[in-house]
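The structure under discussion appears below in the form of structure tokens.
Small disclaimer: the values here were computed from a predicted structure and weren't measured. Here is the naming used below: chain letters follow the sequence lines, and residue numbers restart at 1 for every chain.
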Number of protein chains: 2
Amino acid sequence: MRARKPTLIEMCKAQGRRITGQRKIIAEVISSASDHPDVLELHRRAVLKDNRISLSTVYRTLKIFAEIGLIEQHSFEGGRFRVERASGSHHDHLIDTDSGKVIEFRSEEIERLQTEIALKLGFELTGHRLELYGRPLK
Amino acid sequence: MRARKPTLIEMCKAQGRRITGQRKIIAEVISSASDHPDVLELHRRAVLKDNRISLSTVYRTLKIFAEIGLIEQHSFEGGRFRVERASGSHHDHLIDTDSGKVIEFRSEEIERLQTEIALKLGFELTGHRLELYGRPLK
DNA sequence: TTCCTTATTGCAAATAATTTGCATTAACAA
DNA sequence: TTGTTAATGCAAATTATTTGCAATAAGGAA
């Protein structure tokens, strides 16, 4: 039997946090999202499952999840913050400027170049942000 | 005699805009900035030269300059918009996370890879954002 | 130069996104 | 079951930016 990846809630509990109904639901919404919803959208989806979840709680819960490293918050060009479950493996994003959809990708080549460039400029790379914006080819 | 690069104000005039005292000063502040100041900082500097410049005017002027393509506005991680005079030549940014300073760089290699990746994903690259974050090496 | 039209400005109020104070509720350990 | 206290909901506060509107001033016409 293979070790299962712990759920958001399990990780949360492991941090000594209380497992509330609203946290369970917000975690569920995030886990089952295949897109990169923004906070308002998350709240909308959460309220569908339990209409007693306030927007502040969504904000607070996201902040906690982010601190523990369970999710990542991205701010793409000219929009609100958008959320995705941390996948463990790093990737960058291509944003479809027609639809707003987000496509994930990863390039070892680019990762390597970034470290190299930082080094050449006299810096130790601690993070980066790479976003491509494009229109689908016909 | 070689053609001189037109000033922000000249470009502005060429667009049929009125040349006001505040626009002259804001243009001056931007042109003489060697860093990437945010709006509040620009306003602070502008007020030093003429204390009758309001923050809204700075915002409005920046919007106009940006529309004409005279400046670029960047939103680096977790901060306000920061402004730089458009240089004509594209470059990316490395942000010193200790000091907040911004270093410009350009890598043909990375530019090329980006176009290639987008293409591979079925997209025509229309824009991108690349920011490196790092700490200076000792 | 002076006058006239209308873009531009300053100010205060409006938005928009997010955060916070506080009284109430509910997790969960004893 | 109960007591402690983290978490919640709500409304109000923040922060960054935009906008309505009356007053001002650029710049072409006379």
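In this model, the phosphate group of D:dA7 is approached by a side-chain N or O of A:Arg17 to a distance below 4.0 Å at OP1 or OP2. Regarding contacts with the backbone of C:dT9, a side-chain N or O of B:Arg23 is found under 4.0 angstrom from either OP1 or OP2. For B:Tyr59, no side-chain nitrogen or oxygen approaches OP1 or OP2 of D:dT18 to under 4.0 Å.
Each of B:Thr20 and A:Thr20 lies near DNA chain D, and the nucleotide nearest A:Thr20 is the one positioned closer to the 5' end. Between A:Val58 and B:Ile19, the residue anchored closer to the 5' end of DNA chain D is A:Val58, taking for each the nucleotide with the nearest heavy atom. Of the residues near DNA chain C, A:Ser56 and A:Leu40, the one whose nearest nucleotide (by heavy atom distance) lies more toward the 5' end is A:Leu40.
As a whole-Å value, the separation of A:Gln15 CD from D:dA7 C1' is 16 Å. B:Arg60 places its CZ atom 11 Å from the C1' atom of C:dA7, with the value rounded to the nearest Å. One atom, CG of A:Asp50, and another, P of D:dA7, lie 18 Å apart when rounded to the nearest Å. We find that CG of B:Leu55 is positioned 11 Å from P of C:dC11, with the value rounded to whole Å. Atom-to-atom, NZ of B:Lys24 to P of D:dA25 comes out at 14 Å; the value is rounded to the nearest Å. Atom CZ of A:Arg82 is separated from atom C1' of C:dT18 by 18 Å (rounded to the nearest Å). Note: CG (A:Leu62) to P (C:dA17) measures 15 Å, nearest angstrom. Between the NZ atom of A:Lys63 and the P atom of C:dA17 there is a distance of 17 Å, rounded to whole Å.
Looking at B:Thr97, its side chain never comes within 3.5 Å of a backbone N or O of B:Tyr133 through a donor-acceptor pair.
Among the heavy atoms of the strands lying under 4.0 Å from B:Ile53 are primed sugar atoms or P, OP1, OP2 only; no base atom is included.
Salt bridge present: B:Glu108 and B:Arg106 bring a charged side-chain N and a carboxylate O closer than 4.0 Å.
A:Glu131 CD to B:Arg129 CZ: the interatomic distance, rounded to the nearest 0.5 Å, is 4.0 Å.
Checking D:dC10, D:dA25, D:dT18 against every side-chain atom of B:Arg18, the shortest atom distance belongs to D:dA25.
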All N/O donor-acceptor pairs, side-chain side in residues 19-30 of chain A, below 3.5 Å, sequence neighbours left out:
| from | atom 1 | to | atom 2 | distance (Å) |
| --- | --- | --- | --- | --- |
| A:Thr20 | OG1 | A:Arg23 | N | 3.1 |
| A:Arg23 | NH1 | A:Arg18 | O | 3.0 |
| A:Glu28 | OE2 | A:Lys49 | NZ | 2.8 |

Going by atom type alone, with no hydrogens or angles, which donor-acceptor pairs under 3.5 Å involve a side-chain atom of residues 38-47 of chain B and a protein atom two or more places apart or on another chain?
| from | atom 1 | to | atom 2 | distance (Å) |
| --- | --- | --- | --- | --- |
| B:Asp38 | OD1 | B:Leu40 | N | 3.2 |
| B:Asp38 | OD1 | B:Glu41 | N | 2.8 |
| B:Asp38 | OD2 | B:Arg80 | NE | 3.4 |
| B:Glu41 | OE1 | B:Arg44 | NH1 | 2.3 |
| B:Glu41 | OE2 | B:Arg45 | NE | 2.7 |
| B:Glu41 | OE2 | B:Arg45 | NH2 | 3.4 |
| B:His43 | NE2 | B:Ile53 | O | 2.8 |
| B:His43 | NE2 | B:Leu55 | N | 3.4 |
| B:Arg45 | NH1 | B:Asp35 | OD1 | 3.3 |
| B:Arg45 | NH2 | B:Asp35 | OD2 | 2.8 |

